[in-house]
Amino acid sequence: MRALNAGDTIVTTGLVLQELLQGFSGPKDRRLIEDRFAALPLLVPDRQDHSDAADLRNHCRRHGVRIGTIDALLAQLCIRHDLVMLTTDKDFQSLAKHIPLPLWRA
């Protein structure tokens, strides 16, 4: 909320929207999520993003950090577009020690 109130530009991906919708049940929750996300621009990964995300995932694995396919792609999108990742997922803190992924701090 602070980032929004500060006027920061916030973007998301269809991947994040999908994960949130899969985690909630009921039409009321679905509409609420869809309504709130409708205001955010969507980043759409291209072929190079997928290739670079695979390289990123392999790099992290060689350094003992396991990262899922979706998380690797989200991190790659942030890197490519010079974005700060807004997340509560602690896995990204480990990841950021091995790649140039800026994380938003409260």
Side-chain angles (χ1 to χ4, degrees):
M1 289 303 294
R2 269 192 267 173
L4 286 171
N5 291 334
D8 293 341
T9 300
I10 297 179
V11 298
T12 192
T13 69
L15 298 166
V16 171
L17 176 60
Q18 181 179 340
E19 284 192 339
L20 286 173
L21 290 172
Q22 291 170 174
F24 287 89
S25 61
K28 182 179 178 184
D29 291 333
R30 180 184 186 89
R31 279 193 304 275
L32 182 62
I33 291 168
E34 288 177 335
D35 288 348
R36 290 190 174 167
F37 270 71
L40 300 176
L42 286 180
L43 286 180
V44 179
D46 63 17
R47 184 180 307 268
Q48 189 63 49
D49 290 318
H50 289 282
S51 180
D52 292 345
D55 291 342
L56 184 149
R57 188 168 185 251
N58 291 337
H59 170 82
C60 289
R61 188 175 60 227
R62 283 191 300 275
H63 288 90
V65 177
R66 296 206 181 271
I67 179 173
T69 299
I70 299 297
D71 288 350
L73 184 55
L74 294 174
Q76 173 55 37
L77 287 169
C78 287
I79 292 167
R80 173 184 167 201
H81 293 280
D82 196 27
L83 299 170
V84 176
M85 180 174 279
L86 175 65
T87 183
T88 59
D89 187 335
K90 302 238 186 276
D91 290 341
F92 286 104
Q93 290 176 3
S94 297
L95 181 63
K97 294 175 184 174
H98 301 281
I99 61 169
L101 178 64
L103 300 176
W104 187 83
R105 305 265 191 241

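Keep in mind that what you see is a predicted model, and the values were worked out from it rather than measured.
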Q.
Within this structure, what is the SG-CG distance for the pair Cys78 and Leu43, rounded to the nearest 0.5 Å?
A. 8.0 Å
Q. Roughly how far apart are Asp71 CG and Gln76 CD, rounded to 0.5 Å?
A.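 So the CG of Asp71 and the CD of Gln76 are separated by 13.5 Å.
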Indicate every side-chain donor-acceptor pair of residues 86-95 with a distance under 3.5 Å to a residue at least two apart or in another chain.
residue: Thr87; atom: OG1; partner: Asp89; partner atom: N; Å: 2.9
residue: Asp89; atom: OD1; partner: Asp91; partner atom: N; Å: 2.8

**Q.** Residues which pass salt bridge (charged side-chain N to carboxylate O under 4.0 Å, His left out) with Asp49, listed by chain and number, not counting sequence neighbours
**A.** Arg80
Q.
Does anything in residues 26-45 form a salt bridge (Lys or Arg N to Asp or Glu O under 4.0 Å)? List the pairs, not counting sequence neighbours.
A. Arg30-Glu34
Q: If a pair satisfies salt bridge (Lys or Arg N to Asp or Glu O under 4.0 Å) and one of its residues is in residues 92-104, list it, with sequence neighbours excluded.
A: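 Those involving residues 92-104 do not exist here.
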Q) What heavy-atom pair brings Pro100 and Pro102 nearest, and what distance separates the two atoms? A) O-CD, 3.4 Å
Q: With sequence neighbours excluded, give me every ring-ring contact (aromatic ring centres under 6.0 Å, His included) pair touching residues 48-91.
A: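 Every pair satisfying ring-ring contact (aromatic ring centres under 6.0 Å, His included) with a residue in residues 48-91: His59-His63, His63-His98.
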Q: For Ala54, check side-chain contact (heavy atoms from CB on, under 4.5 Å) against everything at least two apart and list the hits.
A: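 For Ala54, no residue satisfies side-chain contact (heavy atoms from CB on, under 4.5 Å) once neighbours in sequence are set aside.
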Q. Taking only residues two or more places apart in sequence or in another chain, which ones pass side-chain contact (heavy atoms from CB on, under 4.5 Å) with Ala72?
A.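 In terms of side-chain contact (heavy atoms from CB on, under 4.5 Å), with neighbours along the sequence ignored, Ala72 is linked to Ala53, Leu56, Arg57, Ile67.
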Can you list, pair by pair, the side-chain donor-acceptor contacts under 3.5 Å of residues 7-21, counting residues two or more places apart and other chains?
residue: Thr13; atom: OG1; partner: Leu15; partner atom: N; Å: 3.2
residue: Thr13; atom: OG1; partner: Val16; partner atom: N; Å: 3.2
residue: Gln18; atom: NE2; partner: Gln22; partner atom: OE1; Å: 2.8

Same cluster (ILVMFWY, side-chain, under 4.5 Å), [X] and [Y]:
X	Y	value
Leu101	Val65	no
Val84	Leu42	no
Ile79	Leu103	yes

Q: State which residues pass side chain to side chain donor-acceptor pair (under 3.5 Å) with Asp52; sequence neighbours excluded, sorted by chain then number.
A: Gln48
